[in-house]
Amino acid sequence: SALIEAENLYRFYHAGDDETLALRGVSLTLQPGDLVAVTGPSGSGKSTLLACLAGLDEPDGGTVTLNGERLSRRPEADRADIRSRKLGMLYQHTNLVGHLSVDANVVLAQQIGQRRTNAAWRHELLGRCGIAARAGARPSQLSGGELARAGLAVALANDPLVLLADEPTGELDDSTAARILALLRERADTGQAILLVTHNPDVASTADREIRLRDGRIEPRPEVTA
Ligand code: ADP
Ligand code: ADP
């Protein structure tokens, strides 16, 4: 069954007399194994879509379901619970806690997700993400590429079924970006679903499919001419 199901999402923003339609009827489905890129110009609704899929924002219309569990129109505590069990989030400027080491950040994420932690498992995770050698370092001691890899380890700390990534390769050099993409592909191949937002056409072309947003709508795919 689907890991992410978004049905007819609408999101309005009001500012004074202005109303912005950030999402107007967005529907999408990700099955286990899907690696999907979301692209579109600035202001097309990408961030709003990710926030709605994560349950960080409530759509004004429509429904988000994660692995059969409805996320929309539930109290924030329920959404936070579902999020911590099923979802990993990877942002360019990651949610690493500054005074904790990389390893302690993974421990913290697991505590929030109510998972038992285990030093050997963490070491293996940090190794896969290419950051094991820096496990004891704090975020301020890390380079940009190291921060991105540490952020990925934290996003994967609860072994989530669904990973939402906002510009996961945004500020990275090519080899670090390729490494992160390979890891995301590996996750998809073992049955998780990954949705990533990107401006980079090369990154988008490594996905199984591309969803293009424009003015809060999904652009129809170009017709294939015979
Ligand atoms: P937001 O959705 O938060 O308004 P954008 O989607 O405009 O932000 O941009 C997200 C990130 O991508 C930013 O770091 C921005 O600098 C970068 N970015 C924006 N447009 C482009 C582009 N055309 N090519 C490469 N990077 C871009
Ligand atoms: P993208 O990520 O593709 O750049 P966003 O989802 O950030 O697009 O924004 C979609 C539209 O919603 C834009 O027109 C933006 O200005 C508007 N918007 C986003 N967040 C807010 C907000 N908090 N208040 C008002 N308007 C917003």
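Order of appearance sets the numbers: ligands from 1, and atoms from 1 within every ligand.
Interface atoms of ligand 2 facing Ser42, defined by a heavy-atom separation under 4.0 Å, are 4 (O).
Residue nearest to atom 7 (O) of ligand 2, selected from Ser44, Gly40, Ser47: Ser47 (by heavy-atom distance). The nearest non-hydrogen atom to atom 3 (O) of ligand 2, considering only Lys46, His14, Glu19, comes from Lys46. Which of Ala22, Pro41, Cys52 comes nearest to atom 12 (O) of ligand 2 through a heavy atom is settled by distance: it is Ala22.
Judged by distance alone, the side chains of Asn200 and Thr198 never bring a donor and an acceptor atom under 3.5 Å apart. Counting only N and O atoms by type, the side chains of Gln192 and Thr190 include a donor and acceptor under 3.5 Å apart.
Taking distance alone, with nitrogen or oxygen atoms compared against 3.5 Å, Gly43 approaches ligand 2 more closely than that limit. Taking distance alone, with nitrogen or oxygen atoms compared against 3.5 Å, Gly45 approaches ligand 2 more closely than that limit. Close N/O approach between Thr20 and ligand 2 is not found [any backbone or side-chain N/O within under 3.5 Å].
Under the side-chain hydrogen bond (donor to acceptor under 3.5 Å, both in side chains) criterion, Asp78 pairs with no residue, sequence neighbours left out.
The hydrophobic cluster containing Leu100, built from Ile/Leu/Val/Met/Phe/Trp/Tyr side-chain heavy atoms closer than 4.5 Å, also comprises Val97, Leu108, Ile112.
With a 6.0 Å cutoff to the six-membered ring centre and a 45° limit on the axis angle, Arg115 counts as a cation-pi contact of Trp121.
Between Arg85 and Glu69 there is a salt bridge, with a side-chain nitrogen of the basic residue lying less than 4.0 Å from a carboxylate oxygen of the acidic one.
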